[in-house]
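Here is the structure we will look at.
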Amino acid sequence: MNQYDVIVVGAGNGGLVAAALTAQAGYRTLLLEKHNIPGGCATSFVRGRFEFEPSLHELCSEGSREDQDSATKLFQSLGVNVPLLYEDTLFRVIVKGEDGYDVTLKAGMEPFLDSMEEAVPGCRESVKAFFDLIDPIDDAMNTMGDGVPNPVNLLRKHSDFIRIAGHSTEEVMRALNIPQKAQDLINTYWGYLGVPTDDLNALHYLSMTTAYIKGRPSMPYHRSHELSLALVKALQDNGGTVYYNREVTRFLYDGQDAVCGVIAGGEAFWAKKVISNVIPNNVFNRSDNRHISKRSRKLANARKLGMTFVTIYLGLDCSMEELGVNDYSVFIARDRNPRKQFDTRDKFGLYIVNCLNKALPDATPKGTCTLFFTIPIMPGDLPADLSPETYKAYKNDMAEKFIRDYEETMGISVMPHIEEISVATPVTFARYLSTPRGAIYGYANERWDNIIARSVTEAMDYDTPNLYFCGGHYIRGDGYPSGYMTGEMAAKAVIRDLKEGK
Amino acid sequence: MANKNKQLESLSMGGFVKSVAERLRAVGKGSDGPVPDLLSYPENRLAQQLHPHVQYLIVEDIIDHSPDMKSYILAPDLKRGGDQLAWFSAGQYLVLQIALDGKTISRPYSIASSPRDTKDGHYQITVKRVEGGIASGYILDHWTIGTPVTASAPLGDFTYERLRDAKTVIGIAGGSGITPFRAFARAIAQGDEDFKLILLYGSRTKKDAVFSDEIAALAESCDKIQIVNVLSASKAKDCEQGFITAKLIEKYAPKDEDYSVFLCGPQAMYRFVDKELATLSLRQKFVRHELFGEYFHPEQNDDYPQDGKAVYTLTVHIAGQTHTVSCAADTSMLRAMEAAGLNPPSDCRSGRCGWCHSQLLSGDVYVPESVDGRRMADKIYGYIHPCCTFPLSDCELDVPPMPKV
Ligand SMILES: Cc1cc2nc3c(=O)[nH]c(=O)nc-3n(C[C@H](O)[C@H](O)[C@H](O)COP(=O)(O)OP(=O)(O)OC[C@H]3O[C@@H](n4cnc5c(N)ncnc54)[C@H](O)[C@@H]3O)c2cc1C
Ligand SMILES: Cc1cc2nc3c(=O)[nH]c(=O)nc-3n(C[C@H](O)[C@H](O)[C@H](O)COP(=O)(O)OP(=O)(O)OC[C@H]3O[C@@H](n4cnc5c(N)ncnc54)[C@H](O)[C@@H]3O)c2cc1C
Ligand code: FES
């Protein structure tokens, strides 16, 4: 019968982990996925002799201390063992123009601080002080555990945490007197979170960058499709089931407005608990409005959708050396300032180019290499008159513009080597992920909706009985680790509630 | 506990408390109306227009080229809710669902009309009878005006990409492989594609060269199009005689600039022309094939480990049910499942697109290397493309059902 303990909707990073964990805990678990393969963003695609990574630039080991790498621990507890390779450099950043710079930052805290000091003599102490803040953050987080923080306790014992959590990245950096250039260098990573650092919560940014710096950027050998298949295996090994090509088109409610099942592929499936890896908007617009609380609707309607990308995937018929590329990850900007980079995003404000062969020399056949361009844009940035007839030309024009700019910046020639090209836009993400406006980062981490505010009001915000959420749209923001960790949070909550008979 | 950082004291603690208050205020301002439907967003709408899950069509007209080749003009089937036809790139194909003997099988057919023609409300496909084939014969013998046809969105990568391909394309067509080139030629003439197409079209006789005169007429008024008939079994005025060889390609190719070669035709043609192309030492990026098509006779490969005469049993889990299917060693698992009426998903039937992606739960299989288009991790974790996978033992597999719309 189609009766389960737990139904998980969507096999993205969050859904895969959530389903594997509830199955492991012995609950009859069904994972329903709309696409014919798992992973959501975490997948791969083949063109000619190239297999492209669509999303992952780098996996940062979650948790700020090496001994506390919770994503790795989580994988281990599920028996998932996907070998990862690690990069020694964090990134190279090229800011063009008069007061521009070209700096390569190293991974690992000491090498990182050394490379910062070399780029901005005298900045070491203040930069170190900034990253040392991760300790009071960890302390506070540890004492909070999974529970809702007690405000009085927080204020008394964890004032540093409170100060960091209540300010933007740039405010905290200024308080520490970090030289401007050093600030700008560190803040280059804002592009991965979608909010410039004058608005981006300091705690959020610190956690992410520290993880990248200390844990070093990593990636699987066989694109993120490997991670997703490994998680499916964990689910199945624990007796869980995954059904593909089953889009959930309807969420079902009982007399108490509690979720009790879903309709997928025209068939009803029933469960005690439903975990949605799908953004709340898409749960609510597939539900009878009567069952959704006023607050839930207000919240969903008030929230701004987060950043998305135009991405260009190139397979080139020459090696990385022949091409003249020597970095895994290059950020290219016109201005040092993140806000200016954001505001001029349609004029090369900031974009990122990755060459996987630098990290993984045999990522593509001998004598070839691949480049992956990531261009941050916001929902609504696409031309208003974009139509099926003009769409391909738009993609090609974007690609040409950015490839040319990259060629000019690096002084190399890419265009004549293009053997395969694929361009993805929010329309592509809308097609494959079904997110509103092709958003990939869930909701914007703007000030009122940053991860701190989200965590504090979590219980109030997610008020539909028997319905749990996980994924990039949830309280921890976007990213692979956030997907995995929120999957774990949802599974834990479900297991706890099932045990308590709630 | 960590030491407090003195410098941080310039930052108020109020920000934290305030951010929560700010949140509550912001939520309070949100509308309590229903959350908007996905299709209210332009990005989602465009995705839907470009890639509809299904297109309900109807045969509006039929053009007889010969008893063994007909064109079908397909228009939206208003009765079944079909409306706009999805726009596409010249060179793409549709996968048609063909119901016969109570089973559904699917086959890819290139769109022979141009993208612009969708504005006139139709696609054209052209079907050539294949000796011993199931679908082609059925279509030619049974489809009439008014026959409903269920099709996929336009699919495939056999398209012209201006940032990748040379400005001149030598098209090499054989048999029904002319169809995408008709689309290319029309799209060029209509201004939707911009490259020079020099088409070498191989046929037995001029009479067999369907669309040749039509493309020649387009070439009359558009200097970006040129067509050369290459006849293998007869002579005719202004036609080349023989097969499409390296020498012939060189004769028509631009002399001192790069050119791309696009090939579409029967597998025998690929085998012959690929050998010829090898002597020209073109860069791989300049040689592009349409999909190979279905793979037959795996047992003829050197690395095939058995005699290919066995018949195996497939245990197939699909749509929550389990079926037992018999599959001859030289038959693809996809074909065996279709023959058993399971309607498994397939698009390219050439190992490339991944739409038939399935999990092999147990058993040994043979996948010809030349058509193994799987992702690397699929091989580690035991996933297959049944359209080009042949059993070497009894097998158990988990197959996603066709999505219901
Ligand atoms: C181009 C790009 C680059 C990125 N780079 C990085 C990076 O370098 N590092 C990093 O950490 N993160 C990166 N990210 C972000 C990261 O990929 C995402 O934050 C993360 O994968 C989101 O996971 P998720 O759990 O929210 O699931 P998603 O990936 O959003 O998956 C949701 C799943 O639900 C399915 N689904 C949707 N609707 C339904 C329905 N109605 N019924 C059933 N199933 C449904 C979808 O098909 C999908 O499989 C990148 C993302 C993109 C697109
Ligand atoms: C991208 C693409 C575009 C295409 N476009 C067109 C087009 O525009 N027009 C067109 O006419 N066709 C086109 N085709 C071909 C089309 O999809 C069908 O393959 C064709 O119509 C034959 O289908 P069928 O069902 O009649 O033959 P099938 O039943 O598929 O049989 C094909 C051949 O294989 C033989 N065969 C079948 N089973 C076996 C077996 N077990 N062992 C050995 N041999 C076997 C049959 O005898 C027959 O000769 C295209 C194919 C692709 C991949
Ligand atoms: S149908 Fe395309 S890979 Fe099998």
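Keep in mind it's a predicted model, so treat the numbers as computed, not measured.
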- Contact winner vs chain B - A:Arg174, A:Gln236, A:Arg303, heavy-atom pairs under 4.5 Å: A:Gln236
- Item | Separation between CG of B:Leu46 and CZ of A:Arg431, rounded to the nearest 0.5 Å | 11.5 Å
- Message: Can you confirm whether A:Glu400 sits close enough to B:Arg162 that some side-chain heavy atom of one is under 4.5 Å from a side-chain heavy atom of the other?
- Response: yes
- Item | Atom group of A:His225 that falls short of 4.5 Å from chain B, counting heavy atoms | both
- Message: Can you tell me which portion of A:Thr425 sits under 4.5 Å from chain B's heavy atoms? Options are side chain, backbone, both or neither.
- Response: neither
- Query: Which residue out of B:Ser10, B:Ala26, B:Ser19 racks up the most heavy-atom pairs below 4.5 Å with chain A?
  - Reply: B:Ala26
- Does a side-chain N-to-carboxylate-O contact under 4.0 Å join A:Arg163 and B:Glu9? no
- Item | Which atom of A:Asn245 lies closest to which atom of B:Pro400, heavy atoms considered | ND2-CB, 3.7 Å
- Could you look at A:Leu382 and say if it's the side chain, the backbone, both or neither that has a heavy atom under 4.5 Å from chain B? side chain
- Query: Using non-hydrogen atoms only, which part of B:Arg352 is less than 4.5 Å away from chain A: side chain, backbone, both, or neither?
  - Reply: side chain
- Below 4.5 Å from any heavy atom of chain A, which atoms of B:Leu38 appear? Answer side chain, backbone, both or neither. both
- Under a 4.5 Å heavy-atom cut-off, does chain B meet the side chain of A:Asn282, its backbone, both or neither? side chain
- Structural part of B:Asp157 lying under 4.5 Å from a heavy atom of chain A: side chain
- Item | Part of A:Phe429 within contact of chain B (heavy atom distance under 4.5 Å) | neither
- Item | Flag, side chain of A:Asn36 to backbone of B:Gly354, donor-acceptor distance under 3.5 Å | yes
- Between A:Glu420 and chain B, which part of the residue has a heavy atom less than 4.5 Å away: side chain, backbone, both or neither? both
- Query: Does a sphere of radius 6.0 Å around NZ in B:Lys379 hold more than 12 heavy atoms from other residues, nucleotides or ligands, not counting ones at 6.0 Å or beyond?
  - Reply: yes
- For the pair A:Asp317 and B:Arg164, find out whether any cationic side-chain nitrogen is under 4.0 Å from an anionic carboxylate oxygen. no
- Message: Taking side chain as everything from C-beta outward and backbone as N, CA, C, O, which of these in B:Asp378 sits under 4.5 Å from a heavy atom of chain A? Side chain, backbone, both or neither.
- Response: both
- chain B shares the most heavy-atom pairs under 4.5 Å, among A:Asn281, A:Ile421, A:Leu176, A:Leu299, with A:Leu176
- Item | Spacing of A:Cys318 atom SG and B:Arg283 atom CZ [to the nearest 0.5 Å] | 8.5 Å
- Atom group of B:Leu39 that falls short of 4.5 Å from chain A, counting heavy atoms: neither
- Item | Step-by-step salt bridge (Lys or Arg N to Asp or Glu O under 4.0 Å) determination, A:Lys395 to B:Glu161 | CA-CA 11 Å; A:Lys395 294 214 276 190; B:Glu161 299 302 330; over 6 Å; no
- Note on the structure: What one should report as the nearest heavy-atom pair of A:Val46 and B:Gly373 is CG2-O, 4.0 Å
- Engaged part of B:Lys18 at the chain A interface, taking heavy atoms whose separation is under 4.5 Å: neither
- Message: Quick check for you: to the nearest 0.5 Å, what is the distance between A:Asp461 atom CG and B:Arg23 atom CZ?
- Response: 4.5 Å
- Message: So which residue, A:Ala430, A:Ala302, A:Ala175, A:Pro388, ends up with the most heavy-atom pairs under 4.5 Å with chain B?
- Response: A:Pro388
- Message: Please determine whether the number of non-hydrogen atoms from other residues, nucleotides or ligands lying under 6.0 Å from atom CD of A:Glu267 exceeds 12.
- Response: yes
- Of all of A:Lys298, A:Lys34, A:His222, A:Arg454, which one pairs up most often with chain B through heavy atoms under 4.5 Å apart? A:Lys298
- Message: Are A:Trp448 and B:Val27 packed together at the side-chain level, in the sense that at least one heavy-atom pair is separated by less than 4.5 angstrom?
- Response: yes
- Item | Expected output: side-chain A:Asn285 to main-chain B:Val35 donor-acceptor under 3.5 Å | no
- B:Pro115 versus chain A, the contacting section by heavy-atom distance below 4.5 Å: neither
- Task: Report, as yes or no, whether the 6.0 Å neighbourhood of atom NZ on A:Lys304 holds more than 12 heavy atoms from other residues, nucleotides or ligands.
- Result: no
- Sort A:Ala300 into side chain, backbone, both or neither according to what part of it lies under 4.5 angstrom from a heavy atom of chain B. side chain
- Which atoms of B:Tyr383 approach chain A - backbone, side chain, both or neither, heavy atom under 4.5 Å: side chain
- Item | B:Gln284 and A:Arg49, any side-chain heavy atoms less than 4.5 Å apart | yes
- Message: For the backbone of A:Glu51 and the side chain of B:Arg375, can you confirm whether one donor and one acceptor N or O come within less than 3.5 Å of each other?
- Response: no
- Part of A:Pro280 lying under 4.5 Å from any heavy atom of chain B: neither
- Side-chain ion pair, B:Glu43 and A:Arg437, N-O less than 4.0 Å: yes
- Message: Is A:Val427 in contact with chain B via its backbone, its side chain, both, or neither, using a 4.5 Å heavy-atom distance?
- Response: both
- Task: Please state whether the side chain, the backbone, both or neither of B:Arg116 comes within less than 4.5 Å of a heavy atom of chain A.
- Result: side chain
- Query: Measuring heavy-atom distances to chain A, does B:Pro36 have an atom under 4.5 Å in its side chain, in its backbone, in both, or in neither?
  - Reply: both
- Task: Hey, could you give me the CD/CG distance between B:Glu22 and A:Asp449, rounded to the nearest 0.5 Å?
- Result: 11.0 Å
- Side chains of A:Lys392 and B:Ser89: is there a donor and an acceptor less than 3.5 Å apart? yes
- Query: Can you tell which of A:Arg286, A:Arg246, A:Met415 has the highest number of heavy-atom pairs within less than 4.5 Å of chain B?
  - Reply: A:Arg246
- Query: Which distance, rounded to the nearest 0.5 Å, do you find between the CG of A:Leu133 and the CG of B:Leu8?
  - Reply: 5.0 Å
- Message: Is B:Leu50 close to chain A through its backbone or its side chain, or both, or neither, when contacts mean heavy atoms under 4.5 Å?
- Response: side chain
- Task: Verify whether one side chain among A:Arg297 and B:Ser31 offers a donor that lies under 3.5 Å from an acceptor in the other.
- Result: no
- Query: What part of A:Ile452 is in contact with chain B, defined as an atom under 4.5 angstrom from a non-hydrogen atom: side chain, backbone, both or neither?
  - Reply: side chain
- Message: Closer than 3.5 angstrom, by distance alone: can the side chain of B:Lys285 be matched with the main-chain N or O of A:Leu316 as a donor-acceptor pair?
- Response: no
- OH/A:Tyr244 to CG/B:Asp398 distance, rounded to the nearest 0.5 angstrom? 8.5 Å
- Note on the structure: When the 4.5 angstrom heavy-atom criterion is applied to A:Ile164 and chain B, the contacting part is side chain
- Message: Quick check for you: among A:Ala399, A:Ser293, A:Ala230, A:Ala129, which has the greatest number of heavy-atom pairs under 4.5 Å with chain B?
- Response: A:Ala230
- Task: Using modelled atom types only, decide if a donor and an acceptor are shared between the side chain of A:Lys233 and the backbone of B:Tyr381 within a distance under 3.5 Å.
- Result: no
- Mind running side chain to side chain contact (heavy atoms under 4.5 Å, CB included) on B:Met376 and A:Glu226 for me, showing each step along the way? CA-CA 8 Å; B:Met376 290 176 284; A:Glu226 184 176 15; over 6 Å; no
- Region of B:His51 that comes under 4.5 Å of a non-hydrogen atom in chain A: side chain
- Which atoms of A:Val82 approach chain B - backbone, side chain, both or neither, heavy atom under 4.5 Å: side chain
- Under a 4.5 Å heavy-atom cut-off, does chain B meet the side chain of A:Asp397, its backbone, both or neither? both
